[in-house]
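The structure appears right after this line, and notes come after that.
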Amino acid sequence: MTLWFVFALMTAAAVFAVLWPLGRAAVRRSGSDVAVYRDQIGEIGRDRANGLIGASEAEAARVEVSRRLLAAADADAAQSAAAPRPGATARRRTAAVAALIGVPVLAATLYLALGSPQLPGQPLAARVKAPLQDQPLDALVTRVEAHLASNPEDGRGWEVIAPVYLRLGRFEDAVKARRNALQLNGATSDREADLGEALAAAANGVVTDEAKASFERARAGDPKNVRARFYLGVAAEQDSNHAAAAAIWREMLTDAPQGAPWVPIVRQALARVDAAPAPGPSADDIAAAQSMKPEDQAAMIRGMVEQLSERLKRDGSDVDGWLRLVRAYTVLGDKDRAREAAADARRAIGPDADKLKRLDELVKGLGLEG
Amino acid sequence: MIPELGHYCLVLALALALIQASVPMWGARVGDSTLMGVAGPAALAQFAFVAASFAALTWCYVASDFSVFNVFQNSHSAMPLIYKFTSVWGNHEGSMLLWVLILSLFGASVAAFGGNLPETLRADALAVQAWIAAAFYLFILVTSNPFLRLADAPFEGRDLNPILQDPGLAIHPPLLYLGYVGFSISFSFAIAALIEGRIDAAWARWVRPWALAAWLCLTLGIAMGSYWAYYELGWGGWWFWDPVENASLMPWLAGTALLHSAVVMEKRNALKIWTILLAILAFSLSLLGTFLVRSGVLTSVHTFASDPTRGVFILAILAVFIGGGFTLYAWRAPMLKQGGLFAPISREGALVFNNLFLTSACATVFVGTLYPLALEALTEEKISVGAPFFNFTFGPLLVPLLIAVPFGPLLAWKRGDVLGAAQRLMLAFALALVGLGVAFALQGGQPVLAPFGVALAVFVMIGALTDLSERLGLFRVPLGVTLARARGLPRSNFGTAVAHFAAGVVLLGVVAETAWNAERIATLKVGETISLRGYDFTLDGLIPRPGPNYREVAAHFTIRRDGVVIGVMEPSKRTFPQRAMSTTEAALMSRGVSQIYLSLGETSADGAVAVRLYHKPLVLLIWLGAVMMAFGGALSLSDRRLRVGAPKPARRKPALQPAE
Amino acid sequence: MTRKQRRLVLIGAGLGVLGLAAGLVLFALRDSIVFFNTPTDITEKHIAPGSRIRLGGLVKPGSLQRGDNLFVRFEVTDGHATLPVTYTGILPDLFREGQGVVTEGALDAAGTFRADSVLAKHDETYMPKEVADALKRQGHWKSETGYGLAGESKPGAPTTGAPK
């Protein structure tokens, strides 16, 4: 609203600048060439007095200028004698109407076609002062970038901003940040793997030679480095060396620590390159479990169940997961937790009748009601 | 809100310009003082709105409002404040806004200080001025709008072109534009006079101060641009005959000719048609310069064709104003009355001589600048017309002109006496010969032409002083009389002498720099020393330094002469990450009016730095001379005679008043 | 002298000076202009070694070699033909592989271009048409251009968004 009000004021001022002189009585406030010639004659006199020009020159010049002066004075007299032409009021009115209508109409038409009155001004200072959590991510990025521009030696800063760049899709920047972090904070297996990951992302997921070299350095630093090994597998796969890829991933699965979250990803990857049945959780894990002592077995199963429960808390859409969890608690003899899980599942599944029906059947079958 | 207000101000200025372009002109045709009276307030209001618009854009830059596309493109939040101001005109859209700001400033000045003008002339001139302004407002709004917005404002700008991040650029474009656009006033006056069909000596008196003001700003602007190129581009050249430079030189040459022919018109009522033509020409060349620089046609004729809106728009403005101006001229000029008579050898004759050579020199620059463009457009053949062409054509035309400079003021009006003038210039001749001898003795054999250049420069300088001493009767009359005469002498006579003297100073600088400049390029490691003309340069070390929006590596040099340390110099290289560009910051050390110039090349892998060293004798005279020339112009401008004719109501009484 | 004679003298002097200027211009145009060529022009036109020309094109990426004493060798290409160039001196700030360059000099007998001056293009604010179009679709502006990626991106050139 303020904007339109100010626009109106400005338009009024512009129109006034035209109407004001139209409203005044006609004053002849102007010079004429008579004044100039008169001054020139005076100047000749001064020059002569100072001895700058000779007497005859001065006289000749005076005659010449006087002739011009007379002509100009005649012209002036003729002009002022000529009566102003009639119709002054009508002309004034026309001009006033042109200003009153023409200026606002032209200004409004052009401005509405070109301007963006709906957009507020956004000076940077005001935007940066906004509370931290209200700021969009790129504002925060701008701040960190400004900080890094003045303190390019701050390795931690680079480490902080690198994953943000990755998420924003600014892969080249991510690579640069990872490189700087590596250089400033010293090479570790993890940092090498970070760099490799950024390089691969920058290459649209292709593990380039450079990225591969980075991952290899990471694996050399820590033979167990998960990301390094995984991506080296991807590199082998991209080289169409499926056997090598499968070998790497299979090895990873074999010595995977218990409940490692990346196991499903690796398994999925392995499934891509390996037609042979994956060393599934069931087969391998159960075989391992069977060779364990009973208390270890129980511990291992509990671990797996906890992991499943964690995952479902984060993402509850997996009905089969819920059913497995309820069944697992029952098998472990923990009926209370089984009931809790069933209740959680009901909330997570929501209004899907089909899935609810399967849950009800299971609960009934395990005798958990009541 | 601020950017939108600025946008709307610009639109309003256009509307006002259209009123100002039509109503006063109508009033002048029917003899209606009230309608003519609209011109003044409209011009003032128009200036106020453009100034507000410009202020709004400046605010957007200073506050880093990246929702304005123009700001996003050319600014960066970390840039130092001064460059936030200068980047307003460091880009196409902003510089066009500055252009119209200055245009309306001149219009407003005529409205405010033009009280001594006959009202029809004033109304017509302001109307013509408003036509020009309206055309450029429309150009800005339609094709180069600096107020376009981004709905989704980015958080960081793309930074100003690093080469433009320099204090020299802070004042160079405004000065240059003050000059370019200042000639619009003489153009408007010329068109107004042609429309009225009445031109007389008084007209020249009224136009001269405006032409003088424009000329003096243009002189300073060109000098500033040249000095900027000298120290920022890092290879020590001060004039490249680049089309952009030529675009500013051509109006300067035409403007200089205009100043001189206006003198003849004012004093003798002669050369009227020619003066009008020069007034039209000077502004046409300014418009042409704007077109050349702003349409992209210089990079290649084809870039112009690939993005034609802007270029075609300016071309249309050019065609309308230049074509219209010349058509009106061809139609009306034959009706003008002939003026006073004069012999070929006379003050008038000397000024005609000056005009002939200045316009011919201007024509050669014009051909050299536009011929490649025409050839490329017609035959696809690309050529470059470089310094050799201009040196060969421009130089020979300037020599007779400069030889004639000391004679002109010594000749009498109507019929002069060359021999008498030559006799009075004997001292100048003698000193020029001394200069010739000294220069030959100092330099040895080559280059042969340089001592003659020195002699000519001395001749021009001493000639200017001779003119002054003749007028004051120095050494011929008692000192008291001389002083009295000095007090009585109009300031414009001092201005003439100073400006002519300055022409000699510039020539001396140019000759010395061109002929005796020493250059050395080498690679140096830390601790090494090289010598040039008796100066020893030791590289002490390389110092990395952070800047606000760049990183810098400076090389620290200690300069010794005969083993004595005379100073340190720190040339540097700056890297601007936002644009992935680097610039060279040369280091300069002045020794009297000579300079030592040091700039860095790239650093090689083994830590050696490439260095360019120059010793430039008397180089500062080039710019000091230009400043002196502008000072001469300012002296003339301050002459009270140029303001006379102002109708203070008391003085307009018909009764004759005694001369002051 | 009569009025007519005086005018004749003036006009004669004017024509004389203009004639002098025209003569100088014509003479200089024959001698001191330099033709601009691309590598393709040079291969097609069989330009004689030793004649002074300008060569313009892009610096071929990976072709820049530095020697001793500021000697450099690089290749200039226009997409079709490529020409080796040698130069001794300091390269301008804007000189970069993959960017436009104009060199002035002459061909030697072996077909190498010996440059005595190298100019990098100063104009890099030129906005490609795609960017201008993108501006019109204001809402898409940011995603269309991405950000100027630090490092090698050309100012003003649109960089692709973030397709995974």
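Given the structure is predicted, the values throughout are model-derived calculations rather than measurements.
Across B:Pro41, B:Ala412, B:Pro546, B:Ala15, the residue that shares the most heavy-atom pairs under 4.5 angstrom with chain A is B:Pro41. Your options are B:Ser77, B:Ala201, B:Ala39, B:Ala13, and the one with the most heavy-atom pairs under 4.5 Å with chain A is B:Ala201. Chosen from A:Val6, A:Val105, A:Thr11, the residue pairing most often with chain B at heavy-atom distances under 4.5 Å is A:Thr11.
For B:Ser53, there are no side chain to side chain donor-acceptor pair (under 3.5 Å) partners two or more places apart in sequence or in a different chain.
Environment of CZ in B:Arg415: sparse, with no more than 12 heavy atoms of neighbouring residues, nucleotides or ligands closer than 6.0 Å. Counting heavy-atom neighbours within 6.0 Å of B:Arg545 CZ, excluding the residue itself, gives a total above 12.
In this structure, chain A has no heavy atom under 4.5 Å from any part of B:Cys60. For chain A, no part of B:Trp203 is nearby; none of its heavy atoms comes within less than 4.5 Å. Of the atoms belonging to B:Leu5, heavy atoms from both backbone and side chain fall under 4.5 Å from chain A. For B:Leu18, the part lying under 4.5 angstrom from a heavy atom of chain A is the side chain only. Of the atoms belonging to B:Val38, heavy atoms from both backbone and side chain fall under 4.5 Å from chain A. At a 4.5 Å heavy-atom cutoff, the contact between A:Thr94 and chain B is made by side-chain atoms alone. Contact of A:Phe16 with chain B is not made at all, since no heavy-atom distance falls under 4.5 Å. For B:Trp26, the part lying under 4.5 angstrom from a heavy atom of chain A is the side chain only.
Annotation for A:Leu22 and B:Thr34: closest pair O-CG2, 3.5 Å, computed over non-hydrogen atoms. The two atoms that bring B:Arg29 and B:Glu196 nearest to each other are NH2-CG, 4.2 Å, heavy atoms only. Scanning both residues, A:Glu159 and A:Arg178, for their nearest heavy atoms gives O-NH1, 4.2 Å.
Using a 30° and 60° split on the angle between ring planes, A:Trp4 and A:Phe7 fall in the perpendicular class, above 60°.
In summary, the aromatic rings of B:Tyr8 and B:Phe147 are positioned with their centroids too far apart to meet the 6.0 Å limit.
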